[in-house]
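A short worksheet on the structure shown next.
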Number of protein chains: 2
Amino acid sequence: MGHFLGITVNEKLYIKDPQSSELGQKIIQNGIILIDEIGFENFTFRRLASKIESTEASVYRYFENKQKFLIYLLNWYWEWLDFRLSNSTINIKEPKKRMTVMLMVLIDAAKKDLEVPYVDEDILHRIVIVEGTKVYHSKEVDQQNNDGFFAAYKSVSERIAKGILDIKADYPYPRSTASLIIESAFNTLYFSEHLPRLTDIKRDQKDQSDELLHMLEFYVQKLLA
Amino acid sequence: MGHFLGITVNEKLYIKDPQSSELGQKIIQNGIILIDEIGFENFTFRRLASKIESTEASVYRYFENKQKFLIYLLNWYWEWLDFRLSNSTINIKEPKKRMTVMLMVLIDAAKKDLEVPYVDEDILHRIVIVEGTKVYHSKEVDQQNNDGFFAAYKSVSERIAKGILDIKADYPYPRSTASLIIESAFNTLYFSEHLPRLTDIKRDQKDQSDELLHMLEFYVQKLLA
DNA sequence: TCAAATATAATAGTAATACTATCATTAACG
DNA sequence: CGTTAATGATAGTATTACTATTATATTTGA
C-alpha cells in the first residue's frame with residue numbers, strides 16, 4: 001500500500017512499493033526530474049540509475065518498465081490532485097464557488113495543502129501536461145483500464161462532472177465537459193509556451209494563470225447558462 | 001513537392017518525396033495500415049519493410065526516422081482536412097451554417113470529396129485520433145515548430161477560429177475554442193471506445209456521429225451565445 | 001548475538017531497435 | 001547503348017530494454 005498522508009497508488013503499477021524505501025523515493029524524486037529534463041522518450045532506467053548512483057537492475061526491482069513508471073507518476077499526480085480537490089472544497093457549499101475553487105486547484109494557482117518530500121509537484125505538473133495523454137493513447141489501454149490504471153484520472157474527471165451537475169442538474173454533457181475543462185487547462189499551458197497560435201492566453205503576461213482561470217470560468221459559465 | 005490534387009507536405013519531413021514513387025506510396029499506404037494495427041510504439045521500419053517486401057534501408061531512403069514518418073502522415077491528414085474544410089464551405093455564406101459544415105467535416109460524417117488511392121483516410125483518421133497529440137508533446141517541439149511541421153494543424157485550427165469570429169466578431173477566445181473543438185471531437189471518439197466514463201457519447205448507438213455533432217454544436221452555440 | 005532473510009550493487013549477457021554503410025542488380029532515360 | 005537513379009541484399013554498430021547471477025551490506029528476530 002502507498003504511504004505518506006494518503007497518496008496510495010494502484011499496486012499493479014509497481015513491483016515493490018517505491019514509497020516504502022529510500023531507494024524507491026530516490027527513484028520517484030529523480031525520475032520526475034529526469035523525465036522533465038530530457039523528455040519521456042529519451043528517459044531510460046539506465047540514465048536514471050546513473051543519476052542516482054544506483055544500477056539499472058535495482059530500478060527494475062521497483063518498476064517493470066518505464067511505461068509503468070510513467071503511469072505510476074501520473075497516477076500519483078491524479079491521486080494527489082483528487083485529494084486536493086476534495087480537501088479544498090469540503091467546506092464550500094455554493095456550487096459555483098466550489099467550481100471556481102476546483103478550477104484554481106486544477107491550474108495549480110492555489111497554494112499546496114499537501115507536500116511530500118520526495119515529489120516536486122510543480123515539476124510533476126509539467127510532466128502531466130507534456131506526457132499525460134500518452135499513457136492512455138496506446139494499444140494496451142483496454143487492458144490497463146481493466147487493471148484500474150486510469151481510475152484516479154477518472155475520479156478527478158467525475159468530481160468535476162459532479163460539480164457541473166451541482167450547478168445545473170439537467171446539463172446534458174457533464175463528463176465530456178469535465179474532460180474538456182481538464183484538457184483545455186493543460187493544453188493552454190502547453191500551447192502558450194510552445195504553440196502560441198493555438199491559444200489566446202499569452203505566456204509572457206505575469207497574470208497568466210488569472211487569464212487561464214478567467215477563460216475556464218467563461219467556459220463553465222457559458223456552457224451552463 | 002507533394003503530388004496528387006494538391007496534398008503538399010512540408011519538404012523537411014521526408015528525404016525523398018514518397019508520393020513521387022511506387023515504393024514511396026506503398027510505404028505510406030502500408031505504414032498507415034501497420035501503425036493502426038500495432039500502434040506507433042510497436043511500429044518499426046523493419047516491420048514495415050517486411051510487410052511491403054522491401055528492406056529497412058529502402059524505407060530509410062524516404063524518411064529519417066519513424067517520428068518524422070508519423071509527423072508526415074499527420075501533416076498529410078491536416079492538409080487534407082484543411083482542403084476539405086475549405087472546399088466544403090466555399091459556397092456557404094451564412095456563418096452558423098458554415099460552422100456546422102466544418103464540424104461535420106471534422107468528425108468525418110460528411111462524404112469524402114478528395115480520394116487518394118494510396119491513403120485510406122478512415123484508417124488515417126483513427127491514427128490521428130490515437131497518435132495525433134504525441135508528435136507535438138516532445139522535446140523537439142520548438143525546433144519542429146520552427147521547421148513548420150505543425151503549420152497544417154495550425155491552419156485547420158485558424159480556419160475554425162475564423163469561423164468562430166465570423167459568428168461573433170468580439171468573441172474573446174477564438175483560438176483556444178477552436179483547439180478545444182478539435183480535441184473534444186477526437187477525444188470523444190477515443191473515449192467512447194476506450195474510456196467511456198470520460199464522455200457522455202455512447203459507442204454503441206448507431207447515430208454516434210450525430211450525437212457528437214449535436215454536442216459540438218451545443219458547445220459552439222452556448223459559448224457564442 | 002548470531003543466523004537468516006532481505007536489499008542493493010556489480011557485472012554480464014541477450015534480443016531487439018535504430019540506424020549507417022557498402023555493393024550488387026535492375027530500371028529508366030537520353 | 002551507356003549512364004544514372006532506385007532498389008535490394010547484406011552486414012555491421014551503438015543503444016535500448018531487459019534478465020540472470022553472484023557478491024556484499026543491512027536488517028530482523030529467535
Side-chain angles (χ1 to χ4, degrees), chain A residues 1 3 11-31 34-35 37-73 118 131 134-135 138-140 144, chain B residues 1 3 11-31 34-35 37-73 118 131 134-135 138-140 144:
Chain A
M1 287 293 152
H3 282 223
E11 287 182 20
K12 290 191 179 169
L13 284 169
Y14 51 80
I15 296 166
K16 176 172 154 59
D17 182 3
Q19 295 191 108
S20 71
S21 76
E22 211 181 315
L23 181 61
Q25 294 177 9
K26 276 174 84 174
I27 289 172
I28 294 176
Q29 180 170 32
N30 292 277
L34 191 54
I35 290 174
E37 271 173 20
I38 64 178
F40 183 66
E41 346 305 312
N42 301 317
F43 171 83
T44 66
F45 280 174
R46 181 178 293 264
R47 277 197 251 271
L48 173 56
S50 140
K51 189 180 174 83
I52 62 180
E53 282 168 312
S54 177
T55 63
E56 219 180 340
S58 296
V59 179
Y60 274 105
R61 270 187 222 105
Y62 284 87
F63 294 100
E64 224 177 293
N65 53 50
K66 71 172 189 167
Q67 286 75 21
K68 289 254 173 77
F69 180 54
L70 178 60
I71 301 177
Y72 177 93
L73 294 178
Y118 47 88
E131 321 286 359
K134 290 176 187 172
V135 296
S138 83
K139 280 285 162 189
E140 291 77 38
Q144 295 181 339
Chain B
M1 287 293 151
H3 282 223
E11 287 181 21
K12 289 191 180 170
L13 284 169
Y14 51 80
I15 296 165
K16 175 172 154 57
D17 182 3
Q19 297 191 108
S20 71
S21 77
E22 211 180 315
L23 181 62
Q25 295 177 8
K26 277 174 84 174
I27 289 172
I28 294 176
Q29 180 170 31
N30 292 277
L34 190 55
I35 290 173
E37 271 173 19
I38 64 178
F40 184 66
E41 344 307 310
N42 301 317
F43 171 84
T44 65
F45 280 175
R46 181 180 293 265
R47 278 197 251 271
L48 174 56
S50 140
K51 189 180 174 81
I52 61 179
E53 283 170 312
S54 177
T55 63
E56 219 180 340
S58 295
V59 178
Y60 273 105
R61 276 189 207 103
Y62 284 86
F63 295 99
E64 225 177 293
N65 54 50
K66 71 172 187 167
Q67 285 76 20
K68 288 255 173 79
F69 180 54
L70 177 60
I71 301 177
Y72 177 93
L73 294 178
Y118 48 88
E131 321 287 359
K134 291 176 187 171
V135 297
S138 84
K139 280 286 162 189
E140 290 78 39
Q144 294 181 341

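Throughout, protein chains are lettered first and strands after them, A, B, ... in sequence-line order, and every chain is numbered starting at 1.
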Send over the distance from B/Lys66 NZ to C/dT20 P, rounded to a whole Å.
-> 16 Å
Using whole Å, report how far CD1 of A/Ile15 lies from P of C/dT6.
-> 17 Å
Look at B/Lys134 together with B/Glu41 and state whether they make a salt bridge at an N to O cut-off of under 4.0 Å.
-> yes
CG of B/Asp17 versus C1' of D/dA5: gap in Å, rounded?
-> 16 Å
A/Arg61 or A/Phe45, whichever maps to the more 5' nucleotide of DNA chain D = A/Phe45
Classify the angle between the aromatic ring planes of B/Phe69 and B/Phe45 as parallel (below 30°), tilted (30 to 60°) or perpendicular (above 60°).
-> perpendicular
Just checking B/Glu41: base, sugar-phosphate only, or nothing, at a heavy-atom cut-off of under 4.0 Å?
-> nothing
D/dT15 phosphate, OP1 or OP2: any side-chain N/O from A/Arg47 under 4.0 angstrom?
-> no
Are any of B/Ser21's side-chain N or O atoms less than 4.0 Å away from OP1 or OP2 of D/dT7?
-> yes
Distance below 4.0 Å between B/Ser54 side-chain N/O and D/dG8 OP1 or OP2 = yes
A/Asn65 CG to D/dT19 C1', straight-line distance once rounded to whole Å = 14 Å
Could you tell me whether the phosphate oxygens of D/dG8, OP1 or OP2, come under 4.0 Å of any side-chain nitrogen or oxygen in B/Ser58?
-> yes
Send over the distance from B/Glu56 CD to D/dT13 P, rounded to a whole Å.
-> 16 Å
Side chains of A/Pro18 and A/Ile27: does their closest heavy-atom pair fall under 4.5 Å?
-> no
Residue-phosphate contact under 4.0 Å: B/Tyr60 side-chain N/O, C/dA21 OP1/OP2 = no
Test: A/Glu37 and A/Arg47 ion pair at under 4.0 Å = no
Quick one: is A/Tyr62 getting a side-chain N or O under 4.0 Å of the C/dT8 phosphate, OP1 or OP2?
-> yes
Using atom CD of B/Glu22 as one end and atom C1' of C/dA27 as the other, report the distance to the nearest whole Å.
-> 12 Å
Heavy-atom nearest nucleotide on DNA chain C taken for A/Lys16 and for B/Ala57; more 5' hit belongs to A/Lys16
To the nearest angstrom, the CZ-C1' distance between A/Phe69 and D/dA17 comes to 16 Å
Side chain B/Glu131, main chain B/Phe40, donor-acceptor under 3.5 Å | yes
Between B/Arg46 (CZ) and D/dT16 (C1'), how many Å, whole number?
-> 14 Å
